[in-house]
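Presented below is the structure to which this report refers.
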Amino acid sequence: MLADAGFQKYLVQHEFQDQTDLYRSANVAFWSSMSIAVILLLLIVLFRDGIASMVGAPGLGIPIAVTALSLPMAVFVSTQQALFRRAFEYKKLLPIRIVVALIPLVVSVPLAYGGLDFWALIIGVLSANLLNALAMTVISPWKPGLFFSFSLLRKMFSFSGWSLLEAISIWATLWAGTFIVGSVLTPHELGLYRQPILVVNSAFAVITSATTPILFAALSRLQANPRKFRQFFFRVQLPVALVIFPMGVGAFFYRDFLTDLLFGPKWNEAALMFGAWAFTSSLSIVLSHYCSEIFRSLGRPRVSFLSQCLYMVVMIPALYIAAHDGFVTLVIVGAAVRLVGIAISQLLTFIVADIGFLQVMKNLYAPLLASALMAVAAWWLAGLADGHWGWSSLGVLACALIYGLACLCFPRTRSLIAGTATATLNRLRRAP
């Protein structure tokens with residue numbers, strides 16, 4: 001996010017005169033981002049030991065500095081990726097994304113078995129980023145050229161500067177809890193806090209990484225048509241909520257079972273954190289994170305930055321005070337604070353895009369009611385299972401069935417599910 005400096009979002013959001021104008025802006029974005037990436041790399045190398053201590057890993061400054069080599073590699077990817085997303089050419093990105101995703105498995109796992117410890121992960125990450133940069137450079141019709149314009153940079157930075165501040169604020173909100181736990185509580189509690197976040201975010205990223213770029217690019221093309229803008233946003237929001245809401249509810253009520261399944265019995269203390277983060281994430285993604293795409297697509301990243309700042313004003317002191325009272329209090333307060341972040345995003349969305357909270361609820365009432373019904377069933381079935389793996393597995397399946405049947409009771413979700421099933425079958429029939 002920092003190396004990109006918001007230029008990628010500018011290339012997707014802005015309306016250019018022609019391809020020459022687009023490529024000139026791409027060159028300015030590339031060299032500006034590369035300069036920022038190199039500066040950040042040098043700062044991380046210089047302050048590596050202090051950064052390591054801040055994240056609860058004292059003495060591991062050199063691994064952090066080596067990992068920062070990913071920053072200049074990311075610049076090669078960001079500009080080209082923005083051009084592909086602007087043109088909605090996701091098919092060209094898919095093979096590269098698949099291969100890059102497999103690199104850590106192919107590289108890191110053998111090295112880990114060979115005894116390289118955390119260096120196996122670092123080498124895997126660097127290998128994936130290097131391959132991604134090389135592959136994107138090969139397939140992209142645009143290549144970095146020796147062109148730069150300070151007047152064009154000033155024009156771009158009116159948007160990209162706010163996007164940079166927004167990126168920094170998002171990074172700060174994501175890591176503030178880790179810094180607070182690492183400085184106030186023990187390394188053991190830091191692990192209980194951070195590991196569930198990583199696993200839950202990775203699970204939800206399967207959905208968000210597939211929908212967010214398309215949502216931003218499409219809304220950017222529709223920014224001059226408010227009615228179609230709102231219609232498209234609601235069209236994307238509903239199916240995402242249809243999938244994410246039950247994931248969050250199920251993870252919360254079956255938190256003990258899932259924590260035992262994913263981490264092992266020694267991680268039972270992390271169950272509350274796992275369930276609370278999953279539940280609030282399901283709400284935050286649909287009702288808060290996607291609001292940021294609205295602000296950016298309308299060319300107003302400063303509103304998203306304001307939203308993050310207002311959220312941090314509440315979040316940081318709340319988490320710091322709660323951490324001194326213990327880990328459980330921190331988890332509960334952290335979940336409550338995320339709901340405040342949703343309220344802030346909804347208010348700003350109404351002011352900026354005239355999308356009111358009642359409109360959002362009207363769009364999402366079906367998955368919300370179906371998830372509430374599923375929550376009642378999950379609470380009862382999880383209590384009956386009492387941690388038994390077999391009964392818990394059957395309970396999860398029963399909850400999924402109850403949720404699916406509840407969704408079919410609503411005409412809009414029933415037609416959406418039927419349409420998706422029909423489209424999938426047609427694609428399978430056409431497949432060779």
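Predicted, not measured: the structure shown is a model, and the values here were computed from it. Positions are given from 1, in the same order as the sequence printed here.
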With ring pair (Phe, Tyr, Trp, His ring centres under 6.0 Å) as the test, would you mind laying out the steps for F274 and F252 before giving the verdict? CA-CA 7 Å; F274 179 86; F252 178 77; over 10 Å; no

Using atom types as modelled and distance alone, determine if a side-chain donor or acceptor of N129 lies under 3.5 Å from a backbone N or O of V125. yes

Begin with the C-alpha distance, continue with both residues' side-chain angles, and end with the deciding distance and a verdict on side-chain contact (heavy atoms from CB on, under 4.5 Å) for I44 and L71. CA-CA 11 Å; I44 291 172; L71 285 170; 3.9 Å; yes

In this structure, CG of L192 is separated from CG of N268 (nearest 0.5 Å) by 9.0 Å

Take L222 and F233 through the side-chain contact (heavy atoms from CB on, under 4.5 Å) test and state the conclusion after the steps. CA-CA 10 Å; L222 297 171; F233 176 75; over 6 Å; no

Counting only heavy atoms not in Q231 (residues, nucleotides, ligands), do more than 12 fall under 6.0 Å from its CD? yes

Of all the heavy-atom pairs spanning V286 and Q237, show the shortest one and how long it is. O-NE2, 3.3 Å

Is the closest side-chain heavy-atom distance between L298 and I294 below 4.5 Å? yes

Give a yes or no on this: more than 12 heavy atoms of other residues, nucleotides or ligands lie within 6.0 Å of atom CZ of F279. no

With a 3.5 Å distance limit and no angle check, can you tell me whether Y403 reaches the backbone of L242 through a side-chain donor-acceptor pair? yes

For A26 and L83, the nearest pair of non-hydrogen atoms, with its separation, is CB-CD1, 4.3 Å

Are the side chain of T259 and the backbone of D256 linked by a donor-acceptor contact shorter than 3.5 Å? no

Around atom OH of Y23, are there more than 12 heavy atoms of other residues, nucleotides or ligands at under 6.0 Å? yes

In the structure I gave you, are the side-chain heavy atoms of E269 and H188 within less than 4.5 Å of one another anywhere? yes

Under the criterion side-chain contact (heavy atoms from CB on, under 4.5 Å), I'd like the reasoning laid out for F357 against T349: C-alpha separation, chi angles, the key distance, then a yes or no. CA-CA 9 Å; F357 184 68; T349 301; over 6 Å; no

Separation between CD1 of I64 and CD1 of I51, rounded to the nearest 0.5 Å: 6.5 Å

Can you establish whether the number of heavy atoms outside K143 located under 6.0 Å from its atom NZ is more than 12? yes

Would you check, one step at a time, whether the test side-chain hydrogen bond (donor to acceptor under 3.5 Å, both in side chains) holds for S220 with Q223? CA-CA 5 Å; S220 296; Q223 58 183 296; 5.2 Å; no

Side-chain contact test, heavy atoms from C-beta onward, threshold under 4.5 Å: evaluate it for F229 versus S297 and give yes or no. yes

To the nearest 0.5 Å, atom NZ of K362 lies from atom CZ of R412 at 9.0 Å

Do T413 side-chain atoms and C409 backbone N/O form a donor-acceptor pair below 3.5 Å? no

Quick one, R338 with S281, criterion side-chain hydrogen bond (donor to acceptor under 3.5 Å, both in side chains). Give me CA distance, side-chain angles, the key distance, then yes/no. CA-CA 8 Å; R338 297 191 83 191; S281 291; 2.9 Å; yes

Within the 6.0 Å centroid threshold, strictly below: F410 and Y365: yes

Does some side-chain heavy atom of L330 sit less than 4.5 Å from a side-chain heavy atom of V184? no

Determine yes or no for a side-chain-to-main-chain donor-acceptor pair under 3.5 angstrom, with N363 supplying the side chain and F234 the backbone. yes

Gap separating the CZ atom of F305 from the CZ atom of R296, nearest 0.5 angstrom: 13.5 Å

Check whether any side-chain heavy atom of L258 lies under 4.5 Å from a side-chain heavy atom of F263, and answer yes or no. no

Please give me the minimum heavy-atom distance between L126 and M73, naming the atom from each residue. O-SD, 3.8 Å

Going by heavy atoms in the side chains, are H289 and T208 under 4.5 Å from each other? no

Taking the six-membered ring of W277 as reference, does the NZ or CZ atom of R255 fall below 6.0 Å from its centre and within a 45° cone about the axis? no

Given side chains that start at C-beta, do those of L238 and L416 come closer than 4.5 Å, heavy atoms only? yes

Just do the side-chain contact (heavy atoms from CB on, under 4.5 Å) check on Q195 and W267 with the steps written out, would you? CA-CA 10 Å; Q195 197 61 27; W267 284 79; 3.7 Å; yes

Is it the case that atom CH2 in W391 sees more than 12 heavy atoms from other parts of the structure closer than 6.0 Å? no

Indicate whether any N or O donor in one side chain lies under 3.5 Å from an N or O acceptor in the other, for T211 and Y290. yes

Between the main-chain N or O of T137 and the side-chain N or O of S140, is there a donor-acceptor pair closer than 3.5 Å? no

Strictly distance-based, threshold 3.5 Å: is any side-chain N or O of S304 a donor or acceptor partner for the main-chain N or O of R300? no

If you measure from CZ on F30 to OG on S33, what distance do you get to the nearest 0.5 Å? 8.5 Å

Shortest non-hydrogen pair, L368 vs F245, comes out as CD2-CE1, 3.5 Å

Short side-chain to backbone donor-acceptor contact, Q346 and L287, under 3.5 Å: yes

Minimum heavy-atom separation for A276 and A335, please, with both atom names. CB-CB, 4.3 Å

For residues P141 and F84, determine if any side-chain heavy atom of one lies less than 4.5 Å from a side-chain heavy atom of the other. yes

Quick one: pull up CD1 in I207 and OG in S282 and give me the separation to the nearest 0.5 Å. 10.5 Å

Closest non-hydrogen atom pair, A270 against P196: CB-CG, 3.9 Å

